[in-house]
Amino acid sequence: MHNTMNKNYAKVGWFAAALLLSASAHGQIKVEAEDFIDAKSLNTEIVKENGDKSIGYFDEEGEKLTYEVEIPSDGLYQISFNDLTVKDGNVKIQDADGNYYIFDTQANNAEKWWEVPMNNWPDFPKDESALFPLKAGKQNFYVICTGKSVNIDYFQFFKKIPYTF
């Protein structure tokens with residue numbers, strides 16, 4: 001698992017012990033991948049697929065999707081997402097303050113991987129995600145391609161720990 005974080009994560013690293021004591025997520029927010037507010041594609045266009053219920057052709061290093069999410073309360077959030085890819089790789093997710101985490105994605109080894117039904121796409125385990133410090137209100141986050149093709153269905157934010165800024 002890549003654990004690439006900038007120096008801002010040092011501020012929240014001590015929350016790891018508190019995280020272990022947290023019995024359950026206190027909040028959950030779902031953002032559909034096709035609901036991006038901006039897309040920066042390069043040589044191939046990022047497209048909506050599966051009846052406009054997912055994104056595809058997110059496959060060139062540096063491509064970037066921008067999303068807006070309504071955060072109900074201040075806190076430290078973990079992120080999960082539902083994806084499908086043919087090669088092991090990773091996806092960078094970054095908040096508006098520049099905090100980021102590189103998420104490893106696992107290849108689906110089905111013979112016709114692109115035909116796997118969306119309800120069988122794997123979820124990135126939220127408990128393997130970094131803690132993102134997010135304030136209540138509308139927040140932007142960014143999904144950046146690191147060079148491996150990935151199709152994404154949705155993102156979920158799970159509040160793990162209340163936090164006062």
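Just so it is clear, the values below take in all heavy atoms, side chains as well, and ignore hydrogens, waters and symmetry mates. Residue numbers start at 1 and run along the sequence shown. All values reported here derive from a predicted model rather than from experimental measurement.
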Would you please name every residue forming a ring pair (Phe, Tyr, Trp, His ring centres under 6.0 Å) with Phe58, sequence neighbours left out? none
Answer yes or no: is there a donor N or O on one side and an acceptor on the other, between the side chain of Asn82 and the main chain of Trp121, under 3.5 Å? yes
Output yes when a side-chain donor or acceptor of Gln78 lies under 3.5 Å from a complementary backbone atom of Lys160, and no otherwise. no
Contacts of Tyr57 meeting ring pair (Phe, Tyr, Trp, His ring centres under 6.0 Å) (sequence neighbours excluded), chain-then-number -> none
Distance check, rounded to the nearest 0.5 Å: Lys87 atom NZ versus Thr105 atom OG1? 11.5 Å
Output for pair (Asp35 CG, Tyr154 OH), nearest 0.5 Å, gives 14.0 Å
Separation of Asn50 CG from Lys48 NZ (nearest 0.5 Å): 13.0 Å
Would you give the length of the straight line joining atom CH2 of Trp114 to atom CD of Glu49, rounded to the nearest 0.5 angstrom? 12.5 Å
Would the distance check show the side chain of Glu45 and the main-chain N or O of Ser41 forming a donor-acceptor pair, the cut-off being under 3.5 Å? no
Side-chain (Gln139) to main-chain (Leu134) donor-acceptor, under 3.5 angstrom: no
When rounded to the nearest 0.5 angstrom, what distance separates CD1 in Ile37 from CD in Glu68? 5.0 Å
Ring geometry between Phe81 and Phe155 (parallel below 30°, tilted from 30 to 60°, perpendicular above 60°): tilted
For the pair Asp153 and Lys30, find out whether any cationic side-chain nitrogen is under 4.0 Å from an anionic carboxylate oxygen. no
Side-chain heavy atoms under 4.5 angstrom apart, residues restricted to Ile, Leu, Val, Met, Phe, Trp, Tyr: same cluster for Ile152 and Tyr77? yes
If hydrophobic clusters are built from ILVMFWY residues whose side chains come within less than 4.5 Å, do Val91 and Phe132 share one? yes
Assign the ring pair Phe36 / Tyr67 to parallel, tilted or perpendicular, where the plane angle (0 to 90°) is split at 30° and 60°. perpendicular
Would one find more than 12 heavy atoms of other residues, nucleotides or ligands at under 6.0 Å from atom NZ of Lys135? no
Sidechain-backbone polar pair: Thr85 side chain, Ser149 backbone, donor-acceptor under 3.5 Å: yes
Got a donor-acceptor contact below 3.5 angstrom from the Asp97 side chain to the Asn99 backbone? no
Using distance alone, with no hydrogens and no angle criterion, decide if Asn90 and Thr146 have a side-chain donor and acceptor under 3.5 Å apart. yes
Rounded to the nearest 0.5 Å, what separation is found between the CZ atom of Phe124 and the CG atom of Asp83? 9.5 Å
Main-chain N/O of Pro125 paired to Ser80 side chain as donor or acceptor, under 3.5 Å: no
